[in-house]
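In listed order, ligands and their atoms are each counted from 1. The basis for the numbers below is simple: all heavy atoms, side chains too, and nothing from hydrogens, waters or symmetry mates. Small disclaimer: the values here were computed from a predicted structure and weren't measured.
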Amino acid sequence: MLGINMDFLPGRVVFGAGEIEKIGVYASQFGKHVFFVLDPFYLGSEMAARIEASLAAEGISCTVFSEVAPNPTASAVDKAGDQCRQAGCDLVLVLGGGSSIDTAKMVAVIAKNGGHAWGFVDGSCKNEYGALPIIAVPTTAGTGSEATHIAVVTNEELHFKGGYAGKDILPAIALIDPVIMSSMPPRLTAYTAIDAFAHCFESLLVPTANAFSNAVAYEGIRLFSDHIRTCVKNGADIEARGALALASTFGGMAITSGGTTWPHGLGQTLGAMFNASHGASIASCLSNVVRYRTDAAVPTFARVACILKPELAVLPQTEQAAALPDVLDALFAEILPQKVRMRDFGLTEDRLEEYLDILYASGNCYGQDNYPVRLEREDIRTIVKQCL
Ligand SMILES: NC(=O)c1ccc[n+]([C@@H]2O[C@H](COP(=O)([O-])OP(=O)(O)OC[C@H]3O[C@@H](n4cnc5c(N)ncnc54)[C@H](O)[C@@H]3O)[C@@H](O)[C@H]2O)c1
Ligand SMILES: [Fe+2]
C-alpha cells in the first residue's frame with residue numbers, strides 16, 4: 001500500500017445549515033481588515049449584507065472585490081491582488097464558486113509576495129513569504145476548492161489554463177453552508193455536481209491514490225449518486241444540497257492526494273480555449289474517456305458503475321466495468337437538458353490539432369503519466385473526435 005499524504009487538508013472544516021451567520025466570529029481570530037472576494041452573483045445581495053454585518057459586529061472592516069469571471073483570468077486576479085496589498089488586509093474571505101475561491105487563493109499569495117498570478121503558475125514568481133489566511137465559503141457544490149491547495153487561473157494571452165499548488169493556500173477555514181447553494185439553478189447544479197463526481201472518480205485512477213483519498217472518493221460518489229436527481233429537481237431540498245456539498249468537499253480532499261487525470265486535462269483545455277464552463281467541459285468527455293478503454297481499471301470502473309446503478313451487482317466484474325460509460329451517459333441525460341458536446345463550446349474538427357497542441361503545450365496532458373493505461377496523442381485525438 002502506498003504511503004498516505006494527508007498534509008493537504010484545510011485547517012478547519014465547518015459544515016452545517018446556517019453556519020454563515022457566524023462568519024464574523026470565525027474571521028475575528030485572523031484580524032480586523034478583510035479582503036472580501038465576492039462572486040458577482042451576490043453583489044448587492046442580502047447574503048453579502050448579512051456577512052458584512054456579521055463582520056462589522058466583530059469590529060472587522062471590509063474591502064470588497066467582485067470582478068470575478070468564470071475561469072478567472074490572470075490579469076483580473078492580479079488586479080485583486082494589488083488591491084488587497086494596497087488595502088493592507090489581514091485575511092481573505094471568499095463567498096463564491098470555484099472561480100472566486102481560486103481568485104482569493106492567488107490574492108492571498110500576491111498580498112504577501114507581490115508578483116503576478118501567472119508567474120506563480122509558471123514558476124517565474126516564487127512564494128517566499130506564504131499567504132494571508134483564507135476563509136472559503138463555497139456557493140457551488142462542485143470544485144471542492146475550499147478543501148484543496150490548488151488555484152486554477154487562465155492566461156488569456158496564451159490560452160493556457162494552469163494551476164498553482166501550495167500548502168499556504170489551503171483555506172484556514174472551509175465553511176460549508178448548504179443553504180447558500182440552494183440558489184443554484186438546475187443546470188449549474190448538475191454541471192458543478194458532475195465536476196465533484198469527476199474529482200472523486202479521477203482521484204481513484206491515479207497512481208498516488210491511497211486509502212484516505214479512496215475512502216472519501218467512494219463516499220463522495222455515493223452521495224452524488226443518491227442525491228443529484230433530487231438537487232436538480234428540487235433545489236430547495238437542504239438535505240440533498242448538504243449531501244452534494246459534502247460530495248464536493250470530499251472530491252477536493254480526494255484530489256489533494258489523488259489528483260485528476262485525462263477528463264480534467266481535456267476539460268481544462270476547453271476552458272482555456274473557449275471559456276467553457278468547467279463542469280460542462282468535463283461532462284463533454286468523461287464517458288468517452290472511460291469508453292475508449294473499459295479494461296483500463298476494471299475493479300474501479302466496476303465498483304463505480306455499481307454505486308451509480310446497483311442492479312449491475314449481479315453481473316461479472318468485466319461487464320460491470322464495460323457498462324460504466326453507458327451508465328454515465330444515462331445519468332447525465334437525466335440531469336442535463338441535453339447532451340454536452342465539445343462543439344457546443346466552439347471546438348470543430350478543423351481546430352482539433354490546435355486543441356491538441358494547446359493540451360500538450362499547457363501541461364494539461366498529465367493524464368499521459370497518471371491514467372492506468374497509456375494513451376498517446378492519436379488515442380486522445382480519437383477520443384476528442386468522439387466528443388465533438
Ligand atoms: N482549485 C481547485 O481545486 C479547483 C478544482 C476544480 C475546479 N476549479 C476551477 O473552478 C472554476 C469553476 O468553478 P465553479 O464550477 O464553482 O463555477 P464558477 O465559480 O465559475 O461560477 C459559475 C457561475 O455560477 C455563478 N454562481 C456561483 N454560485 C452561485 C449560486 N449559489 N447560485 C447561482 N449562481 C451562482 C457564478 O456567479 C458564475 O456565473 C474553474 O476555473 C475550475 O478550473 C478549481
Ligand atoms: Fe474540476
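If you look at Tyr42 next to ligand 1, the close heavy atoms, those under 4.0 Å, all belong to the side chain. Looking at His278 against ligand 1, only its side chain comes within 4.0 Å, counting heavy atoms. The parts of Thr139 lying near ligand 1 are both backbone and side chain, judged by heavy-atom distances below 4.0 Å.
Of all the heavy atoms in Asn210 and Phe212, the pair that sits closest is OD1-N, 2.9 Å. Across every non-hydrogen atom of Ala245 and Phe15, the tightest pair is CB-CE1, 4.1 Å. The two residues Asn71 and Thr154 have their closest heavy-atom pair at O-OG1, 3.6 Å. Across all their heavy atoms, Leu347 and Leu388 have their closest contact at O-CD2, 3.5 Å. Between Tyr366 and Gly265 the shortest heavy-atom distance is OH-N, 3.4 Å. Minimum interatomic distance between Thr294 and Phe301 (heavy atoms only, all atoms of both residues): O-CD1, 3.5 Å.
Polar contact with ligand 1: absent for Thr143 (N/O pair, distance under 3.5 Å). Geometrically, ligand 1 and Gly98 share a nitrogen or oxygen pair separated by less than 3.5 Å. Where the criterion is an N or O separation shorter than 3.5 Å, residue side chain and backbone included, Ile150 meets it with respect to ligand 1. Polar contact with ligand 1: absent for His264 (N/O pair, distance under 3.5 Å).
Taking a cut-off of under 4.0 Å to the non-hydrogen atoms of Gly97, the atoms of ligand 1 that pass are 16 (O), 19 (O). Heavy-atom contacts of Lys161 reach the following atoms of ligand 1: 40 (C), 41 (O), 42 (C), 43 (O) (cutoff under 4.0 Å). Every atom of ligand 1 is numbered from 1 in the order shown, and the set under 4.0 Å from a heavy atom of Ile180 is 31 (N). Each of the following atoms of ligand 1 lies closer than 4.0 Å to a heavy atom of Thr140: 16 (O), 27 (C), 28 (N). Applying the 4.0 Å criterion to heavy atoms of Thr192 picks out, from ligand 1, the atoms 15 (O). Interface of Val152 with ligand 1, defined as ligand atoms under 4.0 Å from a residue heavy atom, comprises 43 (O), 44 (C). Near Thr148, the atoms of ligand 1 lying under 4.0 angstrom from a non-hydrogen atom of the residue are 1 (N), 2 (C), 3 (O). Contact atoms of ligand 1 toward Pro72: 41 (O) (distance under 4.0 Å to a heavy atom of the residue).
Between Arg351 and Asp357, no side-chain nitrogen of the basic residue sits less than 4.0 Å from a carboxylate oxygen of the acidic one, so the salt-bridge criterion is not met. Under the 4.0 Å criterion applied to side-chain N and carboxylate O atoms, Glu219 and Arg222 are assigned as salt-bridge partners. Remark: Asp168 does not engage Lys112 in a salt bridge, criterion side-chain N to carboxylate O under 4.0 Å. We find that Lys22 and Glu58 are not joined by a salt bridge, their nearest charged nitrogen and carboxylate oxygen being 4.0 Å or further apart. Electrostatic pairing of Glu349 and Arg343 does not count as a salt bridge here, judged by no charged N lying under 4.0 Å from a carboxylate O.
Interatomic distance, Gln83 CD to Asp78 CG, rounded to the nearest 0.5 Å: 11.5 Å.
As for His278, its N/O/S atom nearest the Fe ion (ligand 2) is the one called NE2. Looking at His199, its N, O or S atom nearest to the Fe ion (ligand 2) turns out to be NE2. The Fe ion (ligand 2) lies closest to atom OD1 when only the N/O/S atoms of Asp195 are considered.
For atom 32 (N) of ligand 1, a protein non-hydrogen atom is found at a distance below 4.0 Å.
Of all the listed residues (Pro70, Ala280, Ala141, Gly144), Pro70 holds the heavy atom that lies closest to atom 39 (O) of ligand 1. For atom 18 (P) of ligand 1, the nearest non-hydrogen atom from the set Gly267, Gly162, Ser99 comes from Ser99. By heavy-atom distance, the residue among Asp39, Ile194, Val153 lying nearest atom 36 (C) of ligand 1 is Asp39.
Residue, atom and distance of the protein heavy atom nearest to atom 23 (C) of ligand 1 are Leu188 CD1, 4.3 Å. For atom 9 (C) of ligand 1, the nearest non-hydrogen atom of the protein is Asp102 OD2, 3.5 Å. Of the protein's heavy atoms, Ser183 OG, 3.4 Å lies nearest to atom 30 (C) of ligand 1.
A donor-acceptor contact closer than 3.5 angstrom is absent between the side chains of Ser281 and Gln268.
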Point to revise | Residues Phe345, Met273; criterion side chain to side chain contact (heavy atoms under 4.5 Å, CB included); working and verdict | key: CA-CA 9 Å; Phe345 306 114; Met273 280 178 83; over 6 Å; no
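By the 4.5 Å heavy-atom criterion applied to side chains, Ile110 and Cys84 are not counted as neighbours.
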